[in-house]
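What follows is a short report on a single structure.
Below, all heavy atoms of this structure are taken into account, side chains as well, without hydrogens, waters or symmetry copies. Index from 1, following the sequence.
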Amino acid sequence: MKKDLLLLFCIGLSAICSSNVLAQQGTQSGTIINSEEEEGPKLFKFEPDYQAAEEVQRKEILLKRGLIDSMDISEGKRQKLVRDLYRNKDSKRLTKILLANNKFEELED
């Protein structure tokens, strides 16, 4: 009786293992369609102005970084402000520093 159960168990185990092996040996559809590859990332399909928006954001960050670097403040405070700037936080200290409009225009006579 025990030999029959052991034989039945071994046959069932081999059937289960062989079905997994056969399933993995099937044809794989790993071919990439050239038209999809030429389109680029899917992100640009749904948000075509992504790169332009990123470039504008980078320019704003560089402008604000220049303002922070030109101020006469301690190095620790400067590092905290730059960290807040790159994390896109609207912290109190960052808004307080950048609140003053630092654009100077020449008066035309």
Side-chain angles (χ1 to χ4, degrees):
M1 181 74 177
K2 287 185 178 182
K3 290 182 181 180
D4 291 335
L5 286 175
L6 183 62
L7 182 64
L8 184 62
F9 177 73
C10 290
I11 291 173
L13 186 62
S14 64
I16 290 173
C17 292
S18 66
S19 66
N20 288 340
V21 171
L22 291 176
Q24 292 177 1
Q25 291 179 354
T27 59
Q28 294 181 1
S29 60
T31 60
I32 299 173
I33 300 173
N34 289 336
S35 63
E36 287 183 10
E37 186 176 293
E38 291 173 2
E39 288 178 6
K42 295 283 185 183
L43 175 69
F44 299 140
K45 180 178 178 183
F46 297 108
E47 196 169 344
D49 297 331
Y50 179 75
Q51 284 181 327
E54 283 290 317
E55 189 64 32
V56 168
Q57 186 178 11
R58 282 189 195 116
K59 287 180 181 179
E60 287 177 3
I61 287 175
L62 288 176
L63 177 68
K64 290 177 183 178
R65 173 83 189 254
L67 290 174
I68 292 171
D69 287 340
S70 67
M71 292 180 182
D72 187 27
I73 54 177
S74 67
E75 189 63 31
K77 191 170 184 177
R78 180 176 287 124
Q79 290 294 329
K80 288 178 184 178
L81 289 170
V82 170
R83 187 179 332 126
D84 288 348
L85 178 66
Y86 281 108
R87 287 184 181 173
N88 291 330
K89 283 187 173 178
D90 288 329
S91 65
K92 283 186 177 181
R93 62 178 162 241
L94 186 62
T95 54
K96 183 179 176 181
I97 294 294
L98 298 176
L99 186 61
N101 190 0
N102 293 329
K103 295 181 181 177
F104 298 105
E105 297 179 6
E106 294 181 9
L107 298 174
E108 294 182 17
D109 292 312

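Dense packing is recorded around OH of Tyr86, with more than 12 heavy atoms of other residues, nucleotides or ligands lying under 6.0 Å away.
One finds the CG atom of Asp49 at 12.0 Å from the CD atom of Glu54 (value rounded to the nearest 0.5 Å). Once rounded to the nearest 0.5 Å, the distance linking CG of Leu94 with NZ of Lys80 reads 13.5 Å. Atom CG of Leu62 and atom CG of Leu67 lie 11.0 Å apart (nearest 0.5 Å). Rounded to the nearest 0.5 angstrom, Leu85 CG and Glu60 CD are separated by 10.0 Å. Rounding to the nearest 0.5 Å places CZ of Arg83 at 9.5 Å from CG of Leu81. Taken from CD1 in Ile61 to CD in Gln57, the straight-line distance is 5.0 Å, to the nearest 0.5 Å.
A donor-acceptor pair is defined here as one N or O able to donate and one able to accept, closer than 3.5 Å; such a pair exists between the side chain of Arg78 and the backbone of Met71.
Side chains of Glu55 and Gln51: no donor on one and acceptor on the other come within 3.5 Å.
When all heavy atoms of Ile73 and Ile68 are compared, the pair lying nearest together is CD1-O, 4.4 Å.
Partners of Arg87 according to the salt bridge (charged side-chain N to carboxylate O under 4.0 Å, His left out) rule, which considers only residues two or more places apart in sequence or in another chain, do not exist here.
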